[in-house]
Amino acid sequence: MLKRKLSNKGEQMARVVVPGELLADSPRKTNFTYVENEKTYSSILGLFDEVGFRLIPLEGVYVPSLYDIVVGVVEEVKFAGYTVDINSPYQGFLPAKDSRYEYELGDVISAKVKQVDEVKNIILENARKLREGEIVEISPAKVPRVIGKKNSMLNLLRTATGSEIIVGNNGRIWIKGGNSALAARAILKIEKEAHTTGLTERIETLLREEGK
Amino acid sequence: MMVVQMEKPKLLIDGKRVDGRALDELRPLKIQAGVLNKADGSAYVEWGNNRILAAVYGPRECVPRHDANPYRAVIHCRYLMAPFSTLDEHGRSGPNRRSIEISKVIKEVFENVVFAERFPKTAIDIFIEVLQADGGTRCAGITAAAVALADAGIPMKDLPCAVAVGKIENQVALDFGKLEDNYGDGDMPIAVAPRNNEILLLQMDGMFTKDELRKAVELALTAIPKINALQVDALKKHYAMKKEIEG
């Protein structure tokens, strides 16, 4: 099944781990793990990279964190601001005093997470209304692969399709102009194959062959 | 469970049980992860003649709002038997006294393993549908729901699994079927965290001496690694399969 050779870009072989699986006999601190009796266990279904000691979740909802970029839909217009659906268990709030533009119900915006408190009240800033274009929704757990190391995958998509692309950490991706159909197809392919190695090469091939 | 007026069958003949199993033998068990498209996580379990479907949604916004807890996610669980799941009774669907109790104990199993404090104000909804019942459905339901929760990407300390043990003719026996459940001398569903054998649920119906209780728990613990291995297998297979499709 895994005849593909390892890619040379540091994508190590990772194995699938399940909640409660022992990862190390010593206490190690990594995201999505927990320590009990001086041993480290996985708390989620994820891909575990033994060499770098990293655990990457395979599934899961979006929980906002500071400085994330999100693509949201205005759900409610209030006097003080706007509540925004950000594809998460928590709603975002965009204070009216920080936004230059008046939004309407149903407007699609991109924004930055300005503040997250302990009960997950989310304050947004730097909102921008997204006109036209289309939105592709993927699992938030796969967003890092769409962006790639130092934006490598995203730059690849942008140059190959000529589209304007905004990737929200919440799993919503806004695409406008250029070969947007191809960009959407590539993004869905990335989502489906996010946990495999050699993904960049395959996306390159797809973009090259179909982008003519 | 409905007791039909019938003469008590012989549950143990030459050390073999009604379905030909040994005292410490499990019924055939099959687990499949990720069977539903719309749910965040799902699992299907065939355990003997039990057919059980589990679906998980969330963490998502808690409805009704006043149930939400600002410190942690609340877990909702709905265990339900389909009207066609057994031979008799269950003519009407919908929650009844029995299923409400089972929903509550299953919920408490998962409250002990889910890292709920990572998702304040939200709810995690677990649905367990018994399509066909043959004894030990709450155990099969817990086993299925654990896989569904993991498939939904919900952080947990462990993958709980459960099995029922009981007493027939003064001997403890593993994994009770419906007939043994109805005519045996007592049964005891046990849910365990396989990582450290922490007991998450222990109910008991019938009379057990202290010694029998100890034996019964020990017998249950021997089966837990087998059940857990199948759960892990189901999850890993689900992702290996995804790999193959693209490969």
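Quick note on labels: first sequence line is chain A, next is B, and so on, each numbered from 1.
For the side-chain contact (heavy atoms from CB on, under 4.5 Å) with B/Ile31, the qualifying choice from B/Leu235, B/Asp233, B/Leu230, B/Ile52 is B/Leu230, the only one to do so. Screening A/Val71, A/Val146, A/Ile190, A/Leu188 for a side-chain contact (heavy atoms from CB on, under 4.5 Å) with A/Ile173, the sole residue that qualifies is A/Val146.
Contact annotation for B/Ile154: only backbone heavy atoms (N, CA, C, O) come within less than 4.5 Å of a heavy atom of chain A. For B/Asn196, the part sitting under 4.5 Å from any heavy atom of chain A is the side chain, from C-beta outward, and nothing else. Heavy atoms of A/Val63 lying under 4.5 Å from chain B belong exclusively to its side chain. Looking at A/Ser42, only its backbone comes within 4.5 Å of chain B, counting heavy atoms on both sides. Interface remark: B/Ala152 contributes backbone atoms only to the contact with chain A (heavy atom separation under 4.5 Å). B/Phe119 touches chain A through backbone and side chain together, each having a heavy atom under 4.5 Å away. For A/Glu21, the part lying near chain B is the side chain, with the backbone staying farther off; criterion is any non-hydrogen pair under 4.5 Å. Only the side chain of B/Arg195 comes within contact range of chain A, with heavy atoms under 4.5 Å apart.
For the set A/Val61, A/Val17, A/Asn37, the count of heavy-atom pairs under 4.5 angstrom toward chain B peaks at A/Val61. Chosen from B/Pro59, B/Ala123, B/Ala150, the residue pairing most often with chain A at heavy-atom distances under 4.5 Å is B/Pro59. Of the listed residues (B/Asn228, B/Asp151, B/Val232), the greatest number of heavy-atom pairs within a distance under 4.5 Å of chain A belongs to B/Asp151. Between chain B and the residues A/Gly46, A/Pro19, A/Gly60, A/Ala141, the most heavy-atom pairs under 4.5 angstrom are made by A/Pro19.
Smallest separation of non-hydrogen atoms from B/Pro95 and B/Ile100: CB-CG1, 4.0 Å. Summarising the geometry of A/Phe32 relative to A/Leu55, their closest heavy-atom pair is O-CD2, 3.4 Å, with the distance given to 0.1 Å.
Centroid-to-centroid, the aromatic rings of A/Phe53 and A/Phe48 come within less than 6.0 Å. For A/Tyr62 and A/Tyr90, the ring centers are positioned 6.0 Å apart or more.
B/Ile75 contributes atom CD1, which lies 7.0 Å from atom CG of B/Leu149 (distance to the nearest 0.5 angstrom).
Within the 3.5 Å criterion, the main-chain N or O of A/Gly171 finds no donor-acceptor partner in the side chain of A/Lys142.
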